[in-house]
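First comes the structure, then the notes that go with it.
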Amino acid sequence: MSLPDFIDLRFDALLGVSRQLFPLTVPGTGQQDEWLVTGPALIARAARSLEALLALRPAGLDNDAYTVLRSLYEHVARFAYVAANPVEHLPLWLKWDRAERITADNDMTATSGETFISADAREYFVTEEAAIPGQWLGLRQQVDKADE
């Protein structure tokens, strides 16, 4: 079996798992730190990345596929880290997410003069980020923690 055929079989198997799970209705309270909502959402996003890879490879868009593959790797590693201990790690992920949104807004504003998020949302993200104790680990440390 060729490597591309092997990859396609693995992708199809993984997508088969997600197709058994989704669509999925998950009741929630609307809070950002609900793992029973966030976990399935992260899995759904990973499945969409796999679908993108399946579309990009046959089209010969290898560089785009590698970009999506890297994003998928980072996403799955972060998912594994948070899933290993959602009570402790999900708040840290939220803190990281808020910092990333603020950084993206700063970059967009500096480049175009346009804001990415509303002033109210920015204030909320800054307040929420500051209220969460602890530090988000680098990707390598997250992988190691997930493996533990």
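These values consider heavy atoms only, across backbone and side chains, with no hydrogens, waters or symmetry-generated copies.
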- Hey, could you give me the CD/CH2 distance between Gln135 and Trp96, rounded to the nearest 0.5 Å? 13.0 Å
- Do Tyr81 and Trp136 have ring centres separated by under 6.0 Å? yes
- Note on the structure: Between the CH2 atom in Trp93 and the OG1 atom in Thr38, the distance rounded to the nearest 0.5 Å is 5.5 Å
- Message: As an exercise, state the distance from OH of Tyr66 to CG of Leu53, rounded to the nearest 0.5 Å.
- Response: 10.5 Å
- Report yes if the side chains of Ile117 and Tyr124 come closer than 4.5 Å at any heavy-atom pair, otherwise no. no
- Provide the closest heavy-atom pair for Pro40 versus Trp35 in the form atom of the first, atom of the second, distance. CD-O, 3.7 Å
- Give a yes or no on this: more than 12 heavy atoms of other residues, nucleotides or ligands lie within 6.0 Å of atom CG of Asn63. no
- Message: Are the side chains of Thr115 and Met108 in contact, using a 4.5 Å heavy-atom criterion?
- Response: no
- Message: Quick check: do Val68 and Leu50 have side-chain heavy atoms less than 4.5 Å from each other?
- Response: no
- Salt-bridge present (Asp97, Arg101; N to O < 4.0 Å): yes
- Quick one: closest heavy-atom pair of Leu139 and Ala77, and the distance? CD1-CB, 3.6 Å
- Would Val37 end up clustered with Leu92 when hydrophobic side chains under 4.5 Å apart are linked, directly or stepwise? yes
- Do the side chain of His89 and the main chain of Ala83 share a donor and acceptor less than 3.5 angstrom apart? no
- Item | Pairwise distance CG(Asp107) to OG(Ser112) - rounded to 0.5 angstrom | 10.5 Å
- Reported CZ-to-CG distance for the pair Arg10 and Asp12, which is rounded to 0.5 angstrom: 11.0 Å
- Message: Test side-chain contact (heavy atoms from CB on, under 4.5 Å) on Arg122 and Asp105; report intermediate values, then the result.
- Response: CA-CA 9 Å; Arg122 181 184 183 86; Asp105 187 52; 2.7 Å; yes
- Task: Output yes when a side-chain donor or acceptor of Gln141 lies under 3.5 Å from a complementary backbone atom of Gly138, and no otherwise.
- Result: yes
- Query: Minimum heavy-atom separation for Ser49 to Leu72, with atom names?
  - Reply: CB-CD1, 3.9 Å
- CD1/Ile132 to OG1/Thr127 distance, rounded to the nearest 0.5 angstrom? 11.0 Å
- Item | Test side-chain contact (heavy atoms from CB on, under 4.5 Å) applied to Thr111 and Thr109, step by step | CA-CA 5 Å; Thr111 302; Thr109 302; over 6 Å; no
- Query: Under a 4.5 Å cut-off applied to non-hydrogen side-chain atoms, are Leu90 and Asn85 in contact?
  - Reply: no
- Task: Using a strict cut-off of less than 4.0 Å between a Lys/Arg side-chain nitrogen and an Asp/Glu carboxylate oxygen, indicate whether Glu128 and Arg98 qualify as a salt bridge.
- Result: yes
- Does Leu137 belong to the same Ile/Leu/Val/Met/Phe/Trp/Tyr cluster as Val143, with side-chain heavy atoms less than 4.5 Å apart forming each link? no
- Query: Salt bridge or not for Asp62 and Arg57, using N-O below 4.0 Å?
  - Reply: no
- Task: Would you check, one step at a time, whether the test side-chain contact (heavy atoms from CB on, under 4.5 Å) holds for Ser71 with Arg45?
- Result: CA-CA 11 Å; Ser71 174; Arg45 181 168 183 256; 3.9 Å; yes
- Glu123 atom CD, neighbour heavy-atom count above 12 within 6.0 Å: no
- Message: If the condition is salt bridge (Lys or Arg N to Asp or Glu O under 4.0 Å), which residues does Glu74 pass it with, not counting sequence neighbours?
- Response: Arg70, Arg78
- According to a 4.5 Å side-chain heavy-atom criterion applied to Ile, Leu, Val, Met, Phe, Trp and Tyr, with indirect links allowed, do Leu54 and Leu14 form part of one hydrophobic cluster? yes
- Item | Expected output: side-chain Lys95 to main-chain Gly134 donor-acceptor under 3.5 Å | yes
- Message: Which heavy atom of Ala84 sits nearest to which heavy atom of Ala146, and what is that distance?
- Response: CB-CA, 4.3 Å
